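Predicted, not measured: the structure shown is a model, and the values here were computed from it. One-based numbering along the sequence shown.
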Amino acid sequence: MGVTGPIRVVVAKPGLDGHDRGAKVIARALRDAGMEVIYTGLHQTPEQIVDTAIQEDADAIGLSILSGAHNTLFAKVIDLLKEREAEDIKVFGGGIIPEADIAPLKEKGVAEIFTPGATTASIVTWVNENVRESAEA
């Protein structure tokens, strides 16, 4: 069955990060590209993020992490999606993530990681090409 309507993305700031400018920029870029965006705000737990994604029937979750807790927080979101049988919700993210951590995060199930310097256009393109594709499969 094909997907109808715009791609729905939850943009979230998990953990104790207090800086959300980048997340807001990404949320606006996705919205301006025609997606429905649900921004959860600061200091969200992985449980809150997954609950929101399921309740909002999201196609994807975009996580922004600057605190260095990306390995723990990304893994927890992925695990919770599996527990809730919502593995069809694609997880991507960005922030201050060392190059050495990217491959292990992808092995855990994170679809894509965007590091500082990624353009909003590249993120919008990736979401359009990968989230919609997986949702239609």
**Fill in**
Between Lys13 and the options Leu66, Leu73, Ile65, the side chain to side chain contact (heavy atoms under 4.5 Å, CB included) test singles out Leu66
**Prompt:** Are Val127 and Ile26 linked, directly or through other ILVMFWY residues, by side chains that come within less than 4.5 angstrom of each other?
**Reply:** yes
**Asked** How many angstroms lie between CG in Asp51 and OG1 in Thr40, if you round to the nearest 0.5 Å?
**Response** 11.5 Å
**Short side-chain to backbone donor-acceptor contact, Gln44 and Leu42, under 3.5 Å** = yes
**Joint cluster assignment, Met35 & Val11, ILVMFWY side-chain distance < 4.5 Å** = yes
**Complete:** Between the NE2 atom in His70 and the CG atom in Asp101, the distance rounded to the nearest 0.5 Å is 3.5 Å
**Prompt:** About how many Å separate CD1 of Ile78 and CD of Glu107, when rounded to the nearest 0.5 Å?
**Reply:** 13.0 Å
**Asked** Roughly how far, to the nearest 0.5 Å, is the CG atom of Asp17 from the OG atom of Ser64?
**Response** 6.5 Å
**Ile89 reachable from Leu105 in the ILVMFWY side-chain graph, under 4.5 Å edges** = yes
**Prompt:** Going only through I, L, V, M, F, W and Y residues with side-chain contacts under 4.5 Å, is there a path from Ile97 to Ile61?
**Reply:** yes
**Message:** Can you give me the closest heavy-atom contact between Tyr39 and Ala23, atom names plus distance?
**Reply:** CE1-CB, 4.0 Å
**Message:** Counting C-beta onward and ignoring hydrogens, is there a side-chain heavy-atom pair between Leu63 and Pro14 closer than 4.5 Å?
**Reply:** yes
**Message:** Check the orientation of Phe92 and Phe114. Use parallel for under 30°, tilted for 30 to 60°, and perpendicular for over 60°.
**Reply:** perpendicular
**Message:** To the nearest 0.5 Å, what is the distance between CD1 on Ile102 and OG1 on Thr115?
**Reply:** 5.5 Å
**Asked** Where the side chain of Asp59 meets the backbone of Val131, is there a donor-acceptor pair that is under 3.5 Å apart?
**Response** no
**Message:** Applying a strict under-4.5 Å side-chain criterion to I, L, V, M, F, W and Y, I'd like to know whether Ile113 and Val77 cluster together.
**Reply:** yes
**Request:** Might you work through the side chain to side chain contact (heavy atoms under 4.5 Å, CB included) test for Thr120 and Asp32, ending with a clear yes or no?
**Result:** CA-CA 11 Å; Thr120 55; Asp32 289 351; over 6 Å; no
**Request:** Evaluate side chain to side chain contact (heavy atoms under 4.5 Å, CB included) for Val9 paired with Ile38, printing each intermediate quantity in order.
**Result:** CA-CA 6 Å; Val9 181; Ile38 301 93; over 6 Å; no
**Complete:** Heavy-atom nearest pair, Ala53 first then Val10, reads CA-CG2, 3.7 Å
**Asked** Under the criterion side chain to side chain contact (heavy atoms under 4.5 Å, CB included), which of Lys76, Lys82, Arg84, Glu83 is the partner of Val50?
**Response** Arg84
**Asked** Would you call Asp79 and Lys108 a salt bridge, using N to O less than 4.0 angstrom?
**Response** no
